[in-house]
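Worksheet for the structure shown next.
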There are 2 protein chains.
Amino acid sequence: MSKISDSEFLKKYDSSSFFKPSVSSDAIVFTIRDIKTDNYRKLPEKKLQVLLVKRGENPFIDKWSIPGVFIQEKENFEGSVKRCLDEKANISDIYLEQLYTWGSPKRDPRTRVISVSHMGLINSDNIDLKPGKNVEDIAWFTINTEILKEEKEEIEDGYKITEEVCLTLENEKTVLKSVLNVIKEYRRNNEIIYTNIISSDLAFDHPKMLIYAIERLKNKVEYTTIAFNLMPKEFTLTKLQQVYEILLDKKLLKANFRRKISEMVIETEHYDENQGHRPSKLFRFNTEYRQQYF
Amino acid sequence: MSKISDSEFLKKYDSSSFFKPSVSSDAIVFTIRDIKTDNYRKLPEKKLQVLLVKRGENPFIDKWSIPGVFIQEKENFEGSVKRCLDEKANISDIYLEQLYTWGSPKRDPRTRVISVSHMGLINSDNIDLKPGKNVEDIAWFTINTEILKEEKEEIEDGYKITEEVCLTLENEKTVLKSVLNVIKEYRRNNEIIYTNIISSDLAFDHPKMLIYAIERLKNKVEYTTIAFNLMPKEFTLTKLQQVYEILLDKKLLKANFRRKISEMVIETEHYDENQGHRPSKLFRFNTEYRQQYF
DNA sequence: TCAAAAGTGTTGGACCTACACCCATGT
DNA sequence: ACATGGGTGTAGGTCCAACACTTTTGA
């Protein structure tokens, strides 16, 4: 076989004879929002929420789902997620990072679709949701996960944990439940997770994607500063602490928390007043802050 | 517009009218190998290495590259990377994780190709490399990165670091050099990295993918146990320390290192003898070990 | 007046860093 | 004999968890 140059090769190259899947770009957008206030003195309770859209087209018409779009010919992923959020939810300028690419052959009933999922974080205080293209409705849903069953088993080179997880997404109008089987295998401490959907009120394999994204978010809070993307420009330290407490899923001690994040924030001259108690200083993120590893 | 059922919709659905890219699955396989031994008493010097294949087909024929394959119709990503390593390098049973999906429109001269890159880690002591399908040659290359220039600049909400990085991949026969421009933007401490290839001896945008993978590997060593995937079943603590030193890029103190990893390993009854000094105990990974966060 | 949150100080213990020292081996 | 790595002990400092306490506000 004689070698040919690339330009010669490319002239004759016909990609249509090879298999090509459709590729979509999905945005899993989280926020932390007030749920209720009992008492004029008390701080409102906050919860982790996710943005869902009600599909206005087949398949899964009328089902709630993570917003996503098919990638276009001349668009990179950053462009496509931004377009997705702009078209479907009228949201722009938010923190976005690529999460994971889902490629199991039968995840979409239409045809082979590979989905590149992204995580978005936003402070939703001043966000007005507007349903966009092919979207019947759009809303924030409070996230609750509950482990129904848990089982540990020894395997070669490690152990295996099988969990039955119930993911509940709800707001004032709607409750969506999904039950998943999550199998976490640890061989030499390498985590491999297999997820099966037992039942789901969501479209496609979106419960899997959601569970994965929630896990990643909670994990990254521990060693990065992503949580600040959920805050407004200026915030009180107690509100920041509430956000950390929700994501880390545990109570923190005020004095210790403040020492820990002290380098990451800068005091402003503003105060949050008229709250039925002593006004609290507002802080902003210290843009000079640099992550310290080891 | 009247609603129709999914089964009705799917009967008529024709995916061919939508844009579809090609999708490939790439494997960036790292190992740590002995480079040289000066002295019968001294431990051999070790280096981080990566597996490259010399392309046997257009485009970039005769260029070294990261092994990759196009995804097939009924194959998920795990399957495709494994097939890639099996077909191209005759390697199986290694640690693999999905890294990042590359989708910029012009990254492949043939057609729009989206690449899902994976990181593989292996102990190469008993690995025989054999060039496979469409591969002219296969080899391990020592990785060296050098920062030629570095510049810090203040920007809105943070700062920006511009680096000129030289990535050198070499073995006894070949030296491959790539120069990249790496722009790291930190807004609210969110890292966004833009990379441009200035010059490259590798195929496609593979220097970018490599730089990204190296960064991720070095980062994950700090808070996970992935480094153990680079070790054989049984190893001495000094060899483990060497691996950590290479990945963390700094010298560690023996006594402290041993205390730190003491929970992760279990003593065996075997010894590494005939080394010109006191024999060292061999250890293996403690499969009962559980990562402790915070 | 007082409930609620804002905000700060202290103390004991765990862990980390740096260094020092002895041990065992093969040539 | 001795160079080389194997292997362990300790002192000082830093950091963190837990708790206690004072301050300030608005209804």
Side-chain angles (χ1 to χ4, degrees), chain A residues 34 36-46 221-223 231 234-246 248-284 291-294, chain B residues 34 36-46 221-223 231 234-246 248 250-284 289 291-294:
Chain A
D34 298 351
K36 56 175 176 213
T37 322
D38 312 346
N39 177 322
Y40 80 97
R41 284 188 201 275
K42 273 203 169 173
L43 280 171
E45 195 190 345
K46 289 178 187 297
V221 171
E222 294 181 345
Y223 60 93
M231 306 303 296
E234 299 192 343
F235 47 83
T236 67
L237 294 186
T238 302
K239 281 184 186 159
L240 182 63
Q241 186 176 339
Q242 285 182 313
V243 168
Y244 270 89
E245 285 178 344
I246 289 165
L248 297 174
D249 207 15
K250 66 177 168 202
K251 281 274 155 211
L252 303 172
L253 291 168
K254 188 168 43 168
N256 297 343
F257 177 74
R258 284 167 188 233
R259 268 187 290 268
K260 185 170 195 137
I261 54 100
S262 63
E263 295 288 297
M264 305 179 196
V265 294
I266 292 178
E267 201 175 306
T268 70
E269 285 151 16
H270 307 147
Y271 286 84
D272 186 18
E273 283 162 306
N274 296 28
Q275 297 302 130
H277 53 77
R278 174 172 171 182
S280 43
K281 220 171 264 171
L282 290 170
F283 288 77
R284 57 182 179 78
Q291 201 82 24
Q292 352 245 0
Y293 298 113
F294 283 39
Chain B
D34 298 352
K36 57 177 176 212
T37 322
D38 311 347
N39 175 322
Y40 79 94
R41 284 190 200 275
K42 273 205 170 172
L43 278 172
E45 194 190 345
K46 290 177 187 298
V221 171
E222 294 180 344
Y223 61 93
M231 307 304 295
E234 300 193 343
F235 46 84
T236 68
L237 294 185
T238 302
K239 282 185 184 156
L240 182 63
Q241 185 176 342
Q242 284 183 313
V243 168
Y244 270 89
E245 284 178 343
I246 289 165
L248 297 174
K250 66 178 168 201
K251 280 274 156 210
L252 303 172
L253 291 169
K254 186 166 46 168
N256 298 343
F257 176 74
R258 284 169 187 232
R259 267 187 290 269
K260 187 171 194 135
I261 55 101
S262 64
E263 295 288 295
M264 305 179 198
V265 294
I266 292 178
E267 204 175 303
T268 70
E269 284 151 17
H270 307 147
Y271 285 84
D272 186 19
E273 285 163 304
N274 297 29
Q275 297 303 131
H277 53 77
R278 175 173 169 181
S280 41
K281 219 172 265 172
L282 291 170
F283 288 76
R284 58 183 179 77
Y289 178 73
Q291 201 83 23
Q292 353 245 356
Y293 299 112
F294 282 39

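What you are looking at is a predicted structure, and each value in this text was computed from that prediction instead of being measured. Chain letters run A, B, ... following the sequence lines, proteins first, then strands; residues in each count from 1.
Taking atom CG of residue L282(A) and atom P of nucleotide dA6(C), one finds them 11 Å apart after rounding to whole Å. Nucleotide dC15(D) holds its C1' atom 16 Å from the CD1 atom of I261(A), rounded to whole Å. Rounded to an integer number of Å, the gap from F257(A) CZ to dT8(C) C1' is 16 Å. Between the CD atom of Q242(A) and the C1' atom of dA6(C) there is a distance of 13 Å, rounded to whole Å. If you measure from atom CG of N256(B) to atom P of dT10(D), you get 15 Å, rounded to the nearest angstrom. In this structure, E45(B) places its CD atom 15 Å from P of dT4(D), rounding to the nearest Å. Atoms CZ (R41(A)) and C1' (dC2(C)) sit 6 Å apart, rounded to a whole Å. The interatomic distance linking L240(B) (CG) with dG5(D) (P) rounds to 17 Å, in whole Å.
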Any N/O pairs under 3.5 Å between the protein and nucleotides 20-23 of chain D? List them or say none.
residue : atom : partner : partner atom : Å
dT23(D) : O2   : R278(A) : NH1          : 2.8

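OP1 or OP2 of dG7(D) has at least one side-chain nitrogen or oxygen of R258(B) nearer than 4.0 Å. Not one side-chain nitrogen or oxygen of T238(B) sits closer than 4.0 Å to the OP1 or OP2 atom of dG5(D).
For the side chain to side chain donor-acceptor pair (under 3.5 Å) test, residues two or more places apart in sequence or in another chain that qualify with E267(B) are K281(B). Every side chain to side chain contact (heavy atoms under 4.5 Å, CB included) that K42(A) has, sequence neighbours left out, goes to N39(A). Residues passing the side chain to side chain contact (heavy atoms under 4.5 Å, CB included) test with Q275(B) are D272(B), H277(B), sequence neighbours excluded. Partners of R259(B) by side chain to side chain donor-acceptor pair (under 3.5 Å), not counting sequence neighbours, listed by chain and number: N256(B). R284(A) is linked by a side chain to side chain donor-acceptor pair (under 3.5 Å) to nothing, counting only residues two or more places apart in sequence or in another chain. Partners of F283(B) by ring pair (Phe, Tyr, Trp, His ring centres under 6.0 Å), not counting sequence neighbours: none found.
When each of L253(B) and K281(A) is assigned the nucleotide of DNA chain C with its nearest heavy atom, K281(A) is the one assigned upstream, toward the 5' end.
Nucleic acid contact class of L237(A) (heavy atoms, under 4.0 Å, all strands): none.
Within residues 264-277 of chain A, the residues approaching DNA chain D are N274(A), G276(A), H277(A), by heavy-atom distance under 4.0 Å.
A donor-acceptor distance shorter than 3.5 angstrom exists from the side chain of Q241(A) to the backbone of L252(A), with no hydrogens or angles considered.
Residue pairs meeting the ring pair (Phe, Tyr, Trp, His ring centres under 6.0 Å) criterion with at least one partner in residues 248-271 of chain A, sequence neighbours excluded, are Y244(A)-F257(A).
Contact of the L237(B) side chain with the I261(B) side chain is registered, since non-hydrogen atoms from C-beta on lie closer than 4.5 Å.
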